[in-house]
Amino acid sequence: MRKSSMTVQELPGSAAAAYRPTPPPAWQPRTDPAPLLPDPEPYRVLGTEAAASADPELLLRLYAELVRGRRYNAQATALTKQGRLAVYPSSTGQEACEVGAALALEERDWLFPSYRDTLAAVARGLDPVQALTLLRGDWHTGYDPHEHRVAPLCTPLATQLPHAVGLAHAARLKGDDVVALAMIGDGGTSEGDFHEALNFAAVWNAPVVFLVQNNGFAISVPLAKQTAAPSLAHKAVGYGMPGRLVDGNDAVAVHEVLGQAVARARRGGGPTLIEAVTYRMDAHTNADDATRYRADSEVETWRAHDPIQLLERELTERGLLDDGTRQAAAQAAETMAADLRERMNADPVLDPMDLFEHVYARQTTQLREQAALLRAELDAEEEAR
């Protein structure tokens, strides 16, 4: 029996269903896709003519931060071997993305990092020890997110992205001149939170920038096993926002592309999805054996595209990097590492009652009951000594 409601393929007044080769006239593209498409190749500055116009002061600052970041990763990795850290996801090889993200933001902006982005938080000004506190199993996130404008390091994949969109949207509604930058790995783009965040960000025109660090692997899963898209940056078009593809080991290019996206968001242009093509030189974490899923020859190929070496070459060719400058950067990095090592080797004084602090602005009845129960147990242990 024929339905009474008219379908897309039925014409008014027709006795029989008539074929319509196109959708109804009301259909139209909401956005011209052409301007949203990323470039065919990752954008680069170092090694191109554009490098000659790069600000020398910026180049030297990027270099100092990259050197410090490499040393930070090495020291944190050593701390895991000494039992001072439970786990550490190194960003060695990805320092240009981490530093570029931190330096692209103004003080009033917010950074939403993933668990691998401790270096970005440190480059933004967070105490190196506080950045590692969560990975050590200590007090909550280790720092006050509101004070530093750095959201808690996020271990569940992509769940920080909707939070970034919510904060950015709220700031826009309040008239605050704030941009949120959310960092994620290539594996996180396969999560539902990634879709939801990008969809809401585009619909709301939220001032948020999404930085995907495509380091080739979601733990042991290569990119080709999780997406057939031309690039991760192409995913932006489906949500109605621009996609940018950048060489993630080119610190100058990363800083420029992120800076443009942040400025665009701040002036009301909406969100941008940026894919930075980089490589994770170390294992996924200290608990991972990367030799089981990738060859040493692949890693060595990427060492020739090391972000520090790329920037050093440019600085040297322009006469901006001499032995004194290089040694000063290395010494500053070593001083940071020594301080980090000394403070992390001190046993923390922990109060179990901190479990109930900073969970809710006003504690729930259940939390108060649990806190009272724990307090009674601690008091009983103390009396028994």
Side-chain angles (χ1 to χ4, degrees), residues 38 42-44 62 65-66 69-70 72-73 88-105 111-124 150-151 153-161 164 180-191 193-194 197-198 208-224 226-227 229 231-236 243-259 261-262 272-285 288 290 294 299 302 305-308 310:
Y43 176 70
R44 295 173 54 221
L62 288 170
E65 289 291 347
L66 290 181
R70 180 64 56 86
Y72 174 81
N73 275 313
Y88 184 68
S90 172
S91 59
T92 296
Q94 301 179 214
E95 292 95 346
C97 299
E98 301 283 307
V99 170
L103 299 190
L105 296 174
L111 179 70
F112 283 78
S114 73
Y115 57 86
R116 194 179 300 281
D117 301 321
T118 49
L119 175 54
V122 170
R124 183 149 168 76
V150 178
L153 295 168
C154 190
T155 300
L157 293 186
T159 56
Q160 78 275 24
L161 269 60
L181 194 159
M183 304 178 71
I184 188 176
D186 49 290
T189 64
S190 295
E191 295 289 329
D193 297 83
F194 174 81
L198 267 69
V208 60
V209 177
F210 301 98
L211 173 60
V212 179
Q213 297 178 79
N214 177 9
N215 63 21
F217 292 91
I219 307 183
S220 61
V221 179
L223 184 66
Q226 62 168 313
T227 181
S231 74
L232 295 174
H234 277 78
K235 292 179 179 286
R244 297 293 306 275
L245 190 61
V246 64
D247 183 340
N249 286 18
D250 184 334
V252 185
V254 172
H255 182 269
E256 180 181 328
V257 170
L258 283 172
V262 168
T272 303
L273 173 65
I274 299 169
E275 176 188 355
V277 181
T278 183
Y279 195 78
R280 168 170 53 80
M281 302 302 297
D282 291 341
H284 174 69
T285 69
D288 174 43
R294 68 183 189 186
V299 179
W302 275 92
H305 199 62
D306 182 278
I308 296 179
L310 292 178

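Count residues from 1 along the sequence. Keep in mind that the numbers below use all heavy atoms, side chains included, and drop hydrogens, waters and symmetry copies. What you see is a predicted model, and the numbers here were worked out from it, not measured in a lab.
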Determine whether a donor-acceptor pair (N or O, by modelled atom type, separation under 3.5 Å) exists between the side chain of [X] and the backbone of [Y].
X	Y	result
Asp186	Asn215	yes
Glu275	Leu232	yes
Arg116	Ser90	yes
Asp117	Pro113	no

Find the distance between [atom1] ([X]) and [atom2] ([Y]) and round it off to the nearest 0.5 Å.
X	Y	atom1	atom2	result
Gln160	Thr155	CD	OG1	9.5 Å
Leu211	Leu111	CG	CG	9.5 Å
Leu103	His255	CG	NE2	5.5 Å

Aromatic plane relationship, Tyr279 with Phe217 - under 30° parallel, 30 to 60° tilted, over 60° perpendicular: perpendicular
Taking all non-hydrogen atoms of both residues, which atom of [X] and which atom of [Y] are closest, and how far apart?
X	Y	value
Val254	Cys97	CG1-CA, 4.1 Å
Leu258	Ala104	CB-CB, 3.8 Å
Ala251	Leu66	CB-CD1, 4.0 Å
Gly248	Ala96	O-CB, 3.3 Å

Any side-chain heavy atom of [X] sitting closer than 4.5 Å to one from [Y]?
X	Y	value
Thr227	Lys235	yes
His305	Val277	no
Pro38	His234	yes
Arg294	Pro222	no
Arg124	Leu105	yes
Phe210	Leu161	yes
Glu98	Met183	yes

Step-by-step side-chain contact (heavy atoms from CB on, under 4.5 Å) determination, Tyr115 to Leu157: CA-CA 9 Å; Tyr115 57 86; Leu157 293 186; 3.8 Å; yes
side-chain contact (heavy atoms from CB on, under 4.5 Å) between Glu95 and Asn73, intermediate numbers included: CA-CA 9 Å; Glu95 292 95 346; Asn73 275 313; 3.7 Å; yes
Exercise: do Asp250 and Tyr43 side chains pair donor with acceptor under 3.5 Å: no
Any side-chain donor near an acceptor of the partner, Asn249 and Thr278, under 3.5 Å: yes
